[in-house]
Amino acid sequence: MPDASTPSSASESAVPHLYLVDGSSYIFRAYHRLPPLTNKHGQPAGAVYGYTTMLWKLADSLNKADGPTHMAVILDASEHTHRNEMYDQYKAHRPPPPEDLVPQFPLIRVATRAFSIPCIEEAGLEADDIIACYTVAAKAAGWRVTIVSSDKDLMQLIDEDAGIDMLDTMNDRRIGRAEVLEKFGVPPEKVGDVLALMGDSVDNVPGVPGIGPKTASQLIQTYGDLETVLASTHEITKPKLKQSLIDHADAARLSRELVRLVCDANLPEPLEDLSLKGIPLEPLQAFLEDQGFKSLLNRLTGSAPQKGATVVNDVMAAMEPKRAAQAEPEKIEVDRSKYETVTDEDSLDRWIAEATAQGFVAIDTETDCIDCIIARLVGVCLATAPNKACYIPVGHGGGDLLSEAPNQLPLDLVLAKLKPMLEDPAVLKVGHNLKYDWVMFDKAGIEVAPIDDTMVMSFDLDAGRSFGHGLDELAKLHFDHECIPFKQLCGTGSKQITFDKVPLEAATEYAAEDADIALRLWMRLKPRLAAEEASRVYERVDKPLVPVISRMERRGVKVDREYLAKLSAEFGAEIKSLEERVYEAACGPFTIGSPQQLGEVLYGRLGLKGGRKGKSGQYSTDVNELERLAAEGVTCATLVLEWRQLTKLKNTYTDALQGQINGETGRVHTSFSLTGAQTGRLSSNDPNLQNIPIRTEIGRKIRDAFVADSGFKLLSADYSQIELRLAAHMADVPQLKEAFRGGADIHSITAEELFGTVDRDTRNKAKTVNFAILYGISSWGLAGRLGVGKDEGKAIIDRYFERFPGIQDYIHKTLAFVREQGFTQTLFGRKTHFLPNIRSPNPSIRGGAERAAINAPIQGTSADLIKRAMARMDDALVKEGLEGVRMLLQVHDELVFEVPDGQEEQAAEVIRRVMSTAAEPAIRLDVPLDVEVGWGAHWGEAH
DNA sequence: AACCACTCTTA
DNA sequence: GTAAGAGTGGTTG
């Protein structure tokens, strides 16, 4: 316990023991592992809190055996060091620190001063180098040294014989020679050689391509050091490895210098000045008070816990990592009896005050309808800690004469009281599928921010795994807890009731549980984001999209009902006439829409020849089969094809769409799912506006039903061949990249490479092959598509790989990675998981997983790009004075806007710019991203 | 009423 | 060959 009055009991004769705290690396880890808390000024302080408790622990061991007699915190002073002179790419791709961490950096120095511990930083030296200098100097003086860090670079310094070790306070673990041997397979003095071979993507130390920790360790174990490895390449049998070592020997030597720690610089402060006898009470107490770290303050002053401080501190304590034990995380059983129904103003105020003081709260809304556009608010839930949740009913009962409304607070009052907290930038609102709740509050004029969405978090961590991302499923998975099923309250089918009819006790148990679980999920998932490298895609791509998509859904798109009705009537008449002709051709009536009956008619009654299909033993009657028959002159098949096209259009689009038009807005409000597609794409439902026909003349008429509001035009902007461009970049294919840069026709280039000549036929074939590549090629599949034999299919693929070896390389590398790691990644780090299928012994299952794995990085990167563009779009438009432009739809590579008349050109320019620069600054693509823009009175015209 | 198989629409 | 959602018929409970 820090206390100036404690006499120094360490014997004066004992060897001095210097603790060197790697402050810079610590706060990054603290930031990612702790919840985003704020101090009492509303500033972000999660990392500062973590840092403070770490110093506290160290101070606690002051004067104890093996505790420090001398201590210093080492920080990075400047970005630019001698390593940048050696290698201009050093740490070049490092993203800027998160926004809510930046203001915490200066607080770190304040905290260090509060403990009266020296804080050392030196221009031109990284913290690692300063630590090395002090370590070497202390060693020379015969001192013991403990480096408080878990940075692998610093492990080079460990020398237990000389009393130099490391302490990882996050995991509460001492790191000595044995731990280094376990991690690297080599002793500390050879760690630098291993690091040089394996490189470091975070610091952008190049290393040798193809060599990771395993191979690097093996090589150094075999040959002893880097130079010997490089001099012994003739002995290496694996050809790839050998060549890579030869080709990148210089990069390896450069890397060796980059990871070498500077240990001979002058010490900014003499060793003796780092002596630490005790921690004066005064500055520390003032600091803790200022930050509002009440639990630490109580421990310092020894007083009883102060009222009002308990919740936040309990949560902080619960979040404090005790990972060393690696025991089961302590499980707090869900206890629904603890939930509260809030029906009076005082209780409501109390909950809001608590959420505000704590700086985070889980929220959930209950409504009378699944469609958030027409839904009315029935109740709101808040959760501030496990089992600490409430339900605030605002719209229960009173809907009919039989039921009297229960006692509850008025809707307007509740919203007015919630608004400041929901919009408070210092209070994080956590929710599961917050998009829904965001719309509900948006309708009430409340812009909820900042937010964390546990459904999106789960998706960014676990896309592709064998479970979904719904709240109930995740509760079962992560907490082995069964949520109350919605059905249990509201029934199902015709007997279903709306949530406002549910009695308050039952409603509270169900609703508060959802908020409770969302909060627990957040505590569970948030730390995983950083640990599993999912922070970037979550923070920069998906989370920002939640409000963006909410707004798009709320705006909806205008649909011309009369026009659709007219189309429906036309299609209906045509269908009727076709039916009669089909019956005539088939010698009697049957249900045309039944593949079973159609199969019987074609292959039974009419006696045509054709194949059966797999499991059900039923005849296949899909387009391919019918087209084959039609080509043979079977009238019935031709008529059925026409019938199918028209019924599809009528049933799915012209009829159904009319029913989807919102009576109030006259518009269709689709719902976009952020977690709908494993690759990171959005999906659209109720209705699906991402599959509106375009290919055929007759289908395209449906697009004309999507119109602009009066005084507006519809503007469509789509990426030109984005997936092929990304494939050219990611697989590094010079000819294709050059073609895209020069604006050449990519399929013609491919045709030239594959067949030596370009005409309509070869170009079409080349186009098919290009797409086949994106989908994970197989000779069998390609042959089927091209209508050629399997051998010719294989020959074409071989030729393709020969002309574009980068593609083959990309496929091999992607498959090797996914087999090893179990997941693929996009350029922006989005993961899609493929275990266990990618290692399935069943070739068909495995093959399917492999094709998906080849496609996922490309499709996913494309999805990341358009999402980045969407996240930036509104700001960019507003900046150019185009606040009247509204983004309405996303169709994978296309964005649809409503633009005020006269602003088309200006809007087109901004939209094109935002879309084509969507990769920047994170990624520099070798190919341009071309965007085609068009506009008109309706969607069809905008293309 | 709930589910599956089949078919068809999009990128 | 990739990724989706939706309507229909037909079976199951």
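Numbered from 1 within each chain, the chains take letters A, B, ... in sequence-line order.
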- prompt: Across the strands shown, which category fits L682(A) at heavy-atom distances under 4.0 angstrom: base, sugar-phosphate, nothing?
  reply: nothing

query: Among dC8(B), dA3(C), dA11(B), which is the nearest nucleotide to the side chain of H892(A)?
result: dA11(B)

query: Any salt bridge between K501(A) and D368(A), counting N to O under 4.0 Å?
result: no

query: What's the closest nucleotide to the D686(A) side chain, out of dA3(C), dT10(B), dA6(C)?
result: dA6(C)

query: Can you tell me how far the CG atom of N770(A) sits from the CG atom of L724(A), to the nearest 0.5 Å?
result: 5.0 Å

- prompt: How is A852(A) classified with respect to the nucleic acid when contacts are heavy atoms under 4.0 Å: base, sugar-phosphate, or nothing?
  reply: sugar-phosphate

Salt bridge flag under 4.0 Å for residues E723(A) and R681(A): yes

message: Taking any heavy-atom pair under 4.0 Å as a contact, classify E894(A): base, sugar-phosphate, or nothing.
response: nothing

Gap separating the CG atom of D732(A) from the OH atom of Y810(A), nearest 0.5 angstrom: 13.0 Å

query: How is R851(A) classified with respect to the nucleic acid when contacts are heavy atoms under 4.0 Å: base, sugar-phosphate, or nothing?
result: sugar-phosphate

- prompt: Do the charged groups of D472(A) and K476(A) touch, with an N to O distance under 4.0 Å?
  reply: no

- prompt: Does T679(A) put a side-chain nitrogen or oxygen below 4.0 Å from OP1 or OP2 of dA3(C)?
  reply: no

task: Determine the contact category for G593(A): base if any of its heavy atoms lies under 4.0 Å from a base atom, sugar-phosphate if only primed atoms, P, OP1 or OP2 are that close, otherwise nothing.
output: sugar-phosphate

message: With a cut-off of less than 4.0 Å, is there a side-chain N or O of T621(A) near OP1 or OP2 of dT7(B)?
response: yes

- prompt: Reckon L689(A) touches a base, only the sugar-phosphate, or nothing at all at heavy-atom distances under 4.0 Å?
  reply: nothing

message: Just to be sure I understand the rule, does T647(A) reach a base, reach only the sugar-phosphate, or reach nothing, if contact means heavy atoms closer than 4.0 Å?
response: nothing

task: Look at all strands and tell whether T670(A) reaches a base, only sugar-phosphate, or nothing, counting heavy atoms closer than 4.0 Å.
output: nothing

- request: Answer with base, sugar-phosphate or nothing: what part of the nucleic acid does T492(A) contact at a heavy-atom distance below 4.0 Å?
  value: sugar-phosphate

Polar pairs (N or O, both sides) under 3.5 Å between protein and nucleotides 10-13 of chain C?
| residue | atom | partner | partner atom | Å |
| --- | --- | --- | --- | --- |
| dG10(C) | OP1 | S594(A) | OG | 2.8 |
| dG10(C) | OP1 | Q597(A) | NE2 | 2.9 |

query: What is the nucleic acid contact for Y653(A), judged by heavy atoms within less than 4.0 Å: base, sugar-phosphate only, or nothing?
result: sugar-phosphate

task: Using a cut-off of strictly less than 4.0 Å, decide whether R695(A) has a side-chain nitrogen or oxygen near OP1 or OP2 of dA11(B).
output: yes

query: L925(A) and side-chain contact (heavy atoms from CB on, under 4.5 Å): which partner among T917(A), T861(A), L827(A)?
result: L827(A)

statement: NE2 (H892(A)) and CD (E894(A)) are apart, to the nearest 0.5 Å, by 10.5 Å

- prompt: Are any of N691(A)'s side-chain N or O atoms less than 4.0 Å away from OP1 or OP2 of dA6(C)?
  reply: no

task: Using a strict cut-off of less than 4.0 Å between a Lys/Arg side-chain nitrogen and an Asp/Glu carboxylate oxygen, indicate whether D453(A) and K435(A) qualify as a salt bridge.
output: no

task: Assign D718(A) to base, sugar-phosphate, or nothing according to its heavy-atom contacts below 4.0 angstrom with the strands shown.
output: nothing

message: Over all strands shown, is R785(A) touching base, sugar-phosphate only, or nothing at heavy-atom distances under 4.0 angstrom?
response: base

